[in-house]
Each structure stands twice: as C-alpha cells, then as structure tokens.
There are 2 protein chains.
Amino acid sequence: MNSSIAHCDASETLKNAGLAKTSQRMAVLEKLIGAPGPLTARDLLAETSQRLKINRVTIYRILASFRDGGIVREIDAGGGTAYYEMACRHNPIHPHFHCRRCDCLICMPPLTLSQTWEWLTRPTDFSVESINVHITGVCGPCREKEYCNDVASERNTR
Amino acid sequence: MNSSIAHCDASETLKNAGLAKTSQRMAVLEKLIGAPGPLTARDLLAETSQRLKINRVTIYRILASFRDGGIVREIDAGGGTAYYEMACRHNPIHPHFHCRRCDCLICMPPLTLSQTWEWLTRPTDFSVESINVHITGVCGPCREKEYCNDVASERNTR
DNA sequence: GGCTATTTGCATATTAGTTGCATTTGTGTT
DNA sequence: AACACAAATGCAACTAATATGCAAATAGCC
Ligand SMILES: [Mn+2]
Ligand SMILES: [Mn+2]
Ligand SMILES: [Zn+2]
Ligand SMILES: [Zn+2]
C-alpha cells in the first residue's frame, strides 16, 4: 500500500533497468524507496539537494528515465503536478486519494474497481467528494493510424 | 453522452445562473452547448476569437464563472490541461476516455463504476491502456482542521 | 588510466493558468 | 434616453511545471 518498509536495493534496481549508477539517481531512488507515499519532483529536489548537488532539470530527467524503465509509476493526480511512487512487486497498482486541502496523495488498497467502490462507501477517516474514473489509451481513429505506422515501419525494417 | 444535439438556451442559462449576458460569455457558452465533446480553454479561444474580440484571460475567467455557477463541469484529464463540458440535465456525469495520441477526450456512458468496468472489458473501437481511479476529498488530519474552523467561524458569527 | 557515450548543470523556452489595474460594458434606476 | 455603478474585459506581467540545447562532468569499459 505504501513503500515505507525498506525493500528493493537501489543499486540493483538501477542495474536491472540498465541505467548508470550516478549519485543523483541513487539519491532520488533511495528517497522513492523509503517514501511513505508518492512524491513530486519538487519534493524530491528539496530532499535530495540537502545531501548533494542536483539540478531541478536532472530530477525531471531522472524521473522520466525511471518511468520509462518501469522503476516508478507516474501518477497524475490533477492540478498539473505529477507524483511518483515505486513500481516494484512490493507496491502493486492501486487507486489514490487526493486531498484538495493539503494536496497530499494517499495510497489506497489494491482492489478492483467494484471492490474500491465498496471500500469507499464504508466509513473511512477521510471524506470523499468526487470519484474520477480516468481511462487512457488510444482512440479509434488514432489506433488505425498507429496500425498503419506499425505496418509501414515493419515493411521498412526488412 | 455528449452535447452535440442542440439544447439549453445560452441566454436563459446565463440568466438562471445570475451572470451578465456579455458577447464573450454568449460566444463561449454557445460553443460549449454545440460541442461534440469536452473542450479546453485553448479550443474555446481559437473558436470564439474568429467571431469577436476576446482575450485568453477572459476565457479562463468565463470558464471559472461557469464552473462556479454550475453551468459547466471542469474535467481534469491529466496532462495539466482542463477540459470543459455542459453540466446541464441533458449531460449527466460520466467517465471519460483520454487518447494519449491526439489528446482528445471521449465521453463514455453514464454508468456506475462496476458497470463501467464491464463496459470497458467489452470490445470497443478504442484500446484501453490504463484505468485510473482518482478520488478527491479531504484527508483525516485536514478534516479535523476544517471542522475546527467551522466551529470557530460559527462561534464568531453570533 | 584513458576513451567514449551517457548524464548533468545551466540558461532559456514553453505552456497553462493567475493577478493587478485601467478601461469598457451591462443592467437597474431615474 | 441618459446616468451611475458594479461587473466584465483587455493587457501586461507573473507563477509553476516541465522541456530543450549545449557545454562540461562523469560512469562504464578496455
Ligand atoms: Mn500509491
Ligand atoms: Mn463528457
Ligand atoms: Zn489533507
Ligand atoms: Zn486519438
């Protein structure tokens, strides 16, 4: 549900993803591994820059490389700021609760949609104001275009 | 499911919401009423500015007044851009599908969470890549603070 | 230890959205 | 119809998240 229990060796995680072990990446990854909940780029900059020299842009690039390497999940909680959490086997995909007052993001149990619905209707320590089901993918027209591109690139590579 | 069928008189809608009938508001509202799907501030600026003089900031302020007046719903589809659609009785709340390729937002049938889940697992003309349940509200600690504030303000107003 | 590709830092750009203030406009009143 | 005032608009400047180009630093490999 969260990643506060120490798990996943940072060095090993980087190696497995084929990413070079730099001090900046290690610092960011260690913070993510030890975090009690999802963090923003801003959070990570604030925390890591106390220990070493690291640039804002580097944080963004590191997070993008982690996301693309499957190390972290990028959570778009709305409000234009992305949150990040470990995407390891100790932390399966789960819904999030976003407090509109303090902007914190709270991890919820990894349940199916209908189980989540049930879970939310039980009394909890926070008050739910809206549930947004946000489905992402590729639309009909775009899928056709993608398919054509796939065929075309396949054709070009042989 | 969408608002492409003409409905809701723009003038009347403004009057009911107690908002002054300006040419800019009329232009924005008419576009929203006639839209086949949710629109961004950018979309609305592009479309309305062909017909009259209207500023980018005015669009944002108009949309905020419509949102606060219950005329439109603000949809945060992630990616830092808000979409807007009519919030009239012809257009009940429903989930949205967001195409990561063309960034379009497609309205889905107004079903419950579990019905939506079923609906998504049936073959559709678009391919679903991720389903994000995004719950907003007030967290435990913040709720206590809000409660205290409520009590305090109640105490002060008498 | 040195070579090379990758990563980082810094400056600068972009994009969505907001704010302050002067000007214009809608609306209710004479 | 003219008037008066509050509300709405335009414009410029600002914020915040994120992206990009390029030169300098550094990790991984021999
Ligand atoms: Mn989580
Ligand atoms: Mn819709
Ligand atoms: Zn909170
Ligand atoms: Zn598309």
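Below, read A as the first sequence line, B as the second, and so on, with proteins coming before strands; counting in each chain starts at 1. Predicted, not measured: the structure shown is a model, and the values here were computed from it.
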Go through [options] for me and flag the one nearest to the [X] side chain.
X     : options                : answer
B:A20 : D:dT9, C:dG9, C:dT27   : C:dT27
B:K53 : D:dG10, C:dC10, D:dG28 : D:dG10
A:A41 : C:dT8, D:dT18, C:dG17  : D:dT18
A:R42 : C:dA16, D:dA16, C:dG9  : D:dA16
B:T58 : C:dT8, C:dG17, D:dT9   : D:dT9

Whole Å only: how far is the [atom1] atom of [X] from the [atom2] atom of [N]?
X     : N      : atom1 : atom2 : result
A:L14 : C:dT8  : CG    : P     : 10 Å
B:L52 : C:dG26 : CG    : P     : 12 Å
B:I59 : C:dT19 : CD1   : P     : 18 Å
B:K15 : D:dA7  : NZ    : P     : 18 Å
B:I54 : D:dC11 : CD1   : P     : 12 Å
A:L19 : C:dT6  : CG    : C1'   : 11 Å
A:I62 : C:dT6  : CD1   : P     : 17 Å
B:F66 : D:dA8  : CZ    : C1'   : 12 Å

Do other residues, nucleotides or ligands put more than 12 heavy atoms under 6.0 Å from the CD1 atom of B:I93?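 No, because the 6.0 Å sphere around CD1 of B:I93 holds 12 heavy atoms or fewer from other groups.
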
Let's test your reading of the model: under 3.5 Å, does the base of D:dT18 pair with the side chain of A:R56 as donor and acceptor? yes

Decide yes or no, distance alone: a donor-acceptor N/O pair under 3.5 angstrom between the base of D:dG10 and the side-chain of B:R61. yes

5'-most contact on DNA chain C (nearest-nucleotide basis), B:T81 vs A:R25, goes to A:R25

Looking at [X], does any N or O in its side chain come under 4.0 Å of the phosphate oxygens OP1/OP2 on [N]?
X     : N      : answer
B:N55 : D:dT9  : no
A:T22 : D:dA27 : no
B:Q24 : C:dT25 : no
B:K21 : C:dG28 : no
B:Y60 : C:dT18 : no

Roughly how far apart are B:T22 OG1 and B:I62 CD1, rounded to 0.5 Å?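 Rounded to the nearest 0.5 Å, the OG1-CD1 separation comes to 5.0 Å.
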
What about the rings of B:F97 and B:F126, do their centers lie closer together than 6.0 Å? yes

Under 3.5 Å, is there a donor-acceptor pair linking the side chains of B:K31 and B:T48?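 Note: B:K31 and B:T48 side chains miss the donor-acceptor criterion.
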
Of all the heavy-atom pairs spanning B:R143 and B:V138, show the shortest one and how long it is. N-CG1, 3.5 Å

Taking A:N132 for the side chain and A:H134 for the main chain, is one N or O donor matched with an acceptor at less than 3.5 Å?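 Pair absent, no side-chain N/O of A:N132 close to backbone of A:H134.
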
